[in-house]
There are 2 protein chains.
Amino acid sequence: MAKKTSLKDIAQYVGVSTALVSYVLNGKEKQARVSQQKVLEIRQAAKLLDYQPNLIAKSLRKGQTKTIGLIVADISNPFFADLAKKVEEFARELGYIVLFGSSDEQEYKSSYLIDVFLSRQVDAFIVCPVSGTENQIKKLQQTGKPVVLVDRYFPGLPADSVRINNREIAMRAVEHLILGGRRNIALLSYQTDLAHINQRKSGYLKAMEKYGLAVNPELIMEVNYANLVPKVEQKMLAAFNLQDKVDGILFATNSLAIAGLRVIENLGIKVPGDISVVSFDQSEVFDFYYAPLTYIAQGIQSLAENAVLLVSKRLKEQIHARQYMTTILDAKLIIRESSKIETSLQLNGSISGLIQPELRAEKIG
Amino acid sequence: MAKKTSLKDIAQYVGVSTALVSYVLNGKEKQARVSQQKVLEIRQAAKLLDYQPNLIAKSLRKGQTKTIGLIVADISNPFFADLAKKVEEFARELGYIVLFGSSDEQEYKSSYLIDVFLSRQVDAFIVCPVSGTENQIKKLQQTGKPVVLVDRYFPGLPADSVRINNREIAMRAVEHLILGGRRNIALLSYQTDLAHINQRKSGYLKAMEKYGLAVNPELIMEVNYANLVPKVEQKMLAAFNLQDKVDGILFATNSLAIAGLRVIENLGIKVPGDISVVSFDQSEVFDFYYAPLTYIAQGIQSLAENAVLLVSKRLKEQIHARQYMTTILDAKLIIRESSKIETSLQLNGSISGLIQPELRAEKIG
DNA sequence: AATTGTAAGCGCTTACAATT
DNA sequence: AATTGTAAGCGCTTACAATT
């Protein structure tokens with residue numbers, strides 16, 4: 001209950017001004033040319049009185065809080081939970097504390113969090129923006145505080161951004177399925193205007209096109225965030241009832257995969273016997289599945305590290321102010337059981353109709 | 001980039017003192033008897049100038065930050081991640097912001113986080129304490145700030161605490177297995193001095209005793225946090241090699257369950273055919289397992305809610321200062337596939353040797 | 001020249017005084 | 001009596017002045 005000791009207490013104890021104490025305890029005894037004698041006395045007194053600086057006072061005075069506001073889209077998703085954890089770790093190493101918030105994919109929550117964080121005087125923002133918040137972000141940038149978008153971004157909005165090569169890696173994943181002999185490859189994704197999700201779709205389409213594979217519209221399954229499970233079920237049942245059996249699927253996120261795998265289970269479809277499966281993101285469920293899932297690892301550590309580093313550089317003004325930075329990280333395709341090519345499949349006729357990319361022009365044109 | 005507007009700016013704009021502005025914007029116009037005219041003008045100016053209060057300044061002046069420091073033991077465990085999320089939600093509803101930290105089961109990190117949070121002038125603490133930090137907590141209490149222990153606690157330390165009835169629910173879970181016809185029931189737990197974990201063991205033992213079931217020491221498997229997976233493997237292989245086949249198991253946490261299920265899979269043991277499984281906590285893996293796991297739901301929402309509520313009451317001094325509160329919540333046993341009693345098992349002789357509790361005295365004594 | 005102190009001010013709140 | 005203003009102070013930092 002004892003009153004916390006302040007700079008003033010130490011100053012009185014040693015018999016010196018608060019200025020000296022401040023210099024010494026902030027390691028500025030050299031610049032301020034404090035005598036060795038006083039340095040010792042002050043340090044000793046600080047320890048004796050168990051001094052802990054009041055960072056609130058410091059923040060007010062210096063106009064910086066050493067605080068970063070992080071807004072993720074859904075903290076109950078392990079992807080964002082991991083991201084938050086890593087951001088916190090890196091930020092702490094650099095002496096920053098992180099204020100967390102989850103917008104839960106809601107515009108109004110995002111707006112609310114921004115206001116809370118501004119009131120709390122965070123020095124900078126790291127945001128996984130929600131659909132429809134482009135203007136919020138633009139306005140936020142106008143405060144002059146660094147804003148780094150992570151994972152998600154807006155193609156039309158110049159901004160600091162850290163993300164993966166969504167389109168390329170999706171393409172690579174689908175190509176992997178095709179080269180494994182799959183032809184009727186479905187995509188389960190979100191119906192959204194979020195660019196990173198649509199880039200994944202674009203990569204899927206590009207791969208299918210490259211190999212001359214027609215895509216039945218029903219194979220492109222796009223669902224809303226709300227009411228996910230029944231929607232997924234419905235779309236997947238329709239797709240799996242098609243005459244041409246679905247033999248491969250790309251899940252655009254881990255949540256979709258978990259919902260989708262459930263349907264696959266219920267239908268008694270075997271992985272990878274009947275269908276090859278690849279998903280974005282990671283999940284303990286993927287590891288534990290009887291056929292551990294082939295997945296696209298976003299390198300969460302790297303995303304977090306780059307975002308924090310960028311923020312830190314901005315705060316130190318090491319980057320030209322009016323020039324935004326985009327960092328694109330290479331995601332990795334981790335191939336495991338769920339997309340394993342079974343020998344029988346490789347050898348039977350099911351891939352005979354596959355058009356090799358080299359031949360496509362002639363065949364199609 | 002425009003300088004943020006302060007109370008002073010509004011005061012100047014309206015032509016009034018900052019005192020009036022402060023009263024009005026804090027809803028104290030009645031107490032301060034500000035004229036209706038000025039109230040209107042000030043409100044209007046605040047909106048016009050897009051005023052956002054500087055909570056840092058407010059905190060410094062009022063000596064309270066409306067901030068709660070939350071220290072969890074391991075944020076990568078979904079149990080704690082969920083807990084953190086819920087704490088944040090409830091705290092926000094009451095106008096508090098939450099500073100998070102994960103001690104990762106390390107004493108020094110816990111100590112470090114406490115110092116960081118104290119420097120940041122949090123108003124109160126909610127802590128899942130790590131083994132060996134009893135003195136840290138005691139010292140923290142002496143600052144006079146509310147400290148609420150959640151999930152974990154120290155039997156010897158008077159403190160505000162919110163937790164579940166670990167012993168009783170463990171007992172109930174094991175009883176459930178026994179009544180399902182299981183006799184050789186193993187426990188996979190941690191080797192630790194944490195009371196809540198040992199209470200779970202105690203409940204297990206109590207149930208076994210109640211039904212007169214002898215417990216082979218090898219069935220009580222206790223492992224360290226470090227190097228979890230190989231340790232679990234080793235202990236479980238030993239237990240499952242015993243002559244009397246293990247036919248039931250209680251996992252003391254979700255992490256242990258995930259490691260343990262892996263071994264069960266590798267051994268080709270069928271759930272619940274060969275073995276009934278119950279685990280503490282929840283996990284997506286439990287839901288997705290071919291035999292969804294019977295589990296002990298801690299009621300994370302309720303834990304979080306009670307912890308935040310207790311903190312809030314303390315801060316409002318609604319509770320007698322020198323009297324600590326312990327809230328024990330009832331956990332629930334959610335029975336699913338993994339402990340389903342198969343008819344054949346119920347009917348065959350394997351439970352014939354089971355001593356009914358009512359008969360125990362005679363049979364044993 | 002070497003060392004230390006003074007005092008303002010960051011943006012608020014609030015007891016109290018002052019004005020009409 | 002009704003309304004408004006003054007000014008101190010929360011705990012720091014730091015430009016500058018002052019002392020030896």
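The sequence lines fix the lettering, A, B, ..., with proteins before strands; numbering per chain opens at 1. Bear in mind that the values here come from a model prediction, so they are computed numbers and not experimental data.
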Kindly write out the residues that satisfy side chain to side chain donor-acceptor pair (under 3.5 Å) with A/Glu88, not counting sequence neighbours, or none if the list is empty. A/Arg92

Applied to residues 100-149 of chain B, the ring-ring contact (aromatic ring centres under 6.0 Å, His included) test, sequence neighbours excluded, yields A/Phe100-B/Phe100

For A/Arg120, which residues count as a salt bridge (charged side-chain N to carboxylate O under 4.0 Å, His left out) partner, sequence neighbours excluded? none

Send over the distance from B/Asn26 CG to C/dC12 C1', rounded to a whole Å. 9 Å

Atom CG of B/Asp123 to atom P of D/dC10: distance rounded to whole Å? 18 Å

What is the distance, to the nearest angstrom, from the CG atom on B/Leu7 to the C1' atom on C/dC10? 13 Å

Ignoring backbone atoms, establish whether B/Lys28 has a side-chain N or O less than 4.0 Å from OP1 or OP2 of C/dT14. yes

Output the rounded distance in Å from CD (A/Gln37) to P (C/dA2). 18 Å

With a cut-off of 3.5 Å and sequence neighbours excluded, list every side-chain donor-acceptor pair involving residues 49-57 of chain B.
unit_1: B/Gln52; atom_1: NE2; unit_2: A/Asp115; atom_2: OD1; d: 2.9
unit_1: B/Asn54; atom_1: OD1; unit_2: B/Ile56; atom_2: N; d: 2.8
unit_1: B/Asn54; atom_1: OD1; unit_2: B/Ala57; atom_2: N; d: 3.1

If the condition is ring-ring contact (aromatic ring centres under 6.0 Å, His included), which residues does B/Tyr13 pass it with, not counting sequence neighbours? none

Rounded to the nearest Å, what distance is computed from the NZ atom of residue A/Lys58 to the C1' atom of nucleotide D/dC10? 17 Å

How close or far is atom C1' of C/dC12 from atom CG of A/Leu60, stated in whole angstroms? 8 Å

Distances under 3.5 Å only, N/O to N/O: pair up the protein atoms with those of nucleotides 3-8 of chain D.
unit_1: D/dT4; atom_1: OP1; unit_2: B/Ser35; atom_2: OG; d: 3.3
unit_1: D/dT4; atom_1: OP2; unit_2: B/Ser35; atom_2: N; d: 3.0
unit_1: D/dT4; atom_1: OP2; unit_2: B/Ser35; atom_2: OG; d: 3.0
unit_1: D/dG5; atom_1: OP2; unit_2: B/Ser17; atom_2: N; d: 2.8
unit_1: D/dG5; atom_1: OP2; unit_2: B/Ser17; atom_2: OG; d: 3.3

By a strict heavy-atom criterion of less than 4.0 Å, which residues belonging to residues 44-57 of chain A are in contact with DNA chain C? none

B/Asp104: which residues meet the salt bridge (charged side-chain N to carboxylate O under 4.0 Å, His left out) condition with it, sequence neighbours left out? B/Lys109

If I compare all heavy atoms of A/Ser103 with all of A/Ala73, which pair ends up nearest, and what's the gap? OG-CA, 3.5 Å

Not counting sequence neighbours, which residues clear side-chain contact (heavy atoms from CB on, under 4.5 Å) with B/Gln136? List them please. B/Glu107, B/Ser110, B/Ser111, B/Ile114, B/Thr133

Using a 6.0 Å cut-off, check whether atom CD of B/Glu317 has over 12 heavy atoms from anything other than its own residue. no

With sugar-phosphate meaning primed atoms plus P, OP1 and OP2, does B/Ser6 contact a base, only sugar-phosphate, or nothing at under 4.0 Å between heavy atoms? sugar-phosphate

Please output the side-chain donor-acceptor pairs of residues 300-316 of chain B that fall under 3.5 Å, not counting sequence neighbours, one pair per line with the distance.
unit_1: B/Gln301; atom_1: OE1; unit_2: B/Lys86; atom_2: NZ; d: 3.2
unit_1: B/Ser302; atom_1: OG; unit_2: B/Asn306; atom_2: ND2; d: 3.4
unit_1: B/Asn306; atom_1: ND2; unit_2: B/Ser302; atom_2: O; d: 2.8
unit_1: B/Arg314; atom_1: NE; unit_2: B/Asp160; atom_2: OD2; d: 2.6
unit_1: B/Arg314; atom_1: NH1; unit_2: B/His320; atom_2: O; d: 3.2
unit_1: B/Arg314; atom_1: NH2; unit_2: B/Asp160; atom_2: OD1; d: 2.8
unit_1: B/Arg314; atom_1: NH2; unit_2: B/Asp160; atom_2: OD2; d: 3.2
unit_1: B/Arg314; atom_1: NH2; unit_2: B/Gln323; atom_2: O; d: 2.8

Atom CG of A/Asp9 and atom P of D/dC10 are separated, to the nearest Å, by 11 Å

Counting runs of three or more consecutive pairs, Watson-Crick or G-U wobble, with each distance below 3.5 Å, where are the stems of DNA chain D? C:1-20 with D:1-20

Quick one: A/Lys8 NZ to D/dG11 P, roughly how many Å, whole number? 8 Å

Could you list all the salt bridge (charged side-chain N to carboxylate O under 4.0 Å, His left out) pairs where at least one residue sits in residues 7-34 of chain A, not counting sequence neighbours? A/Glu29-A/Arg43

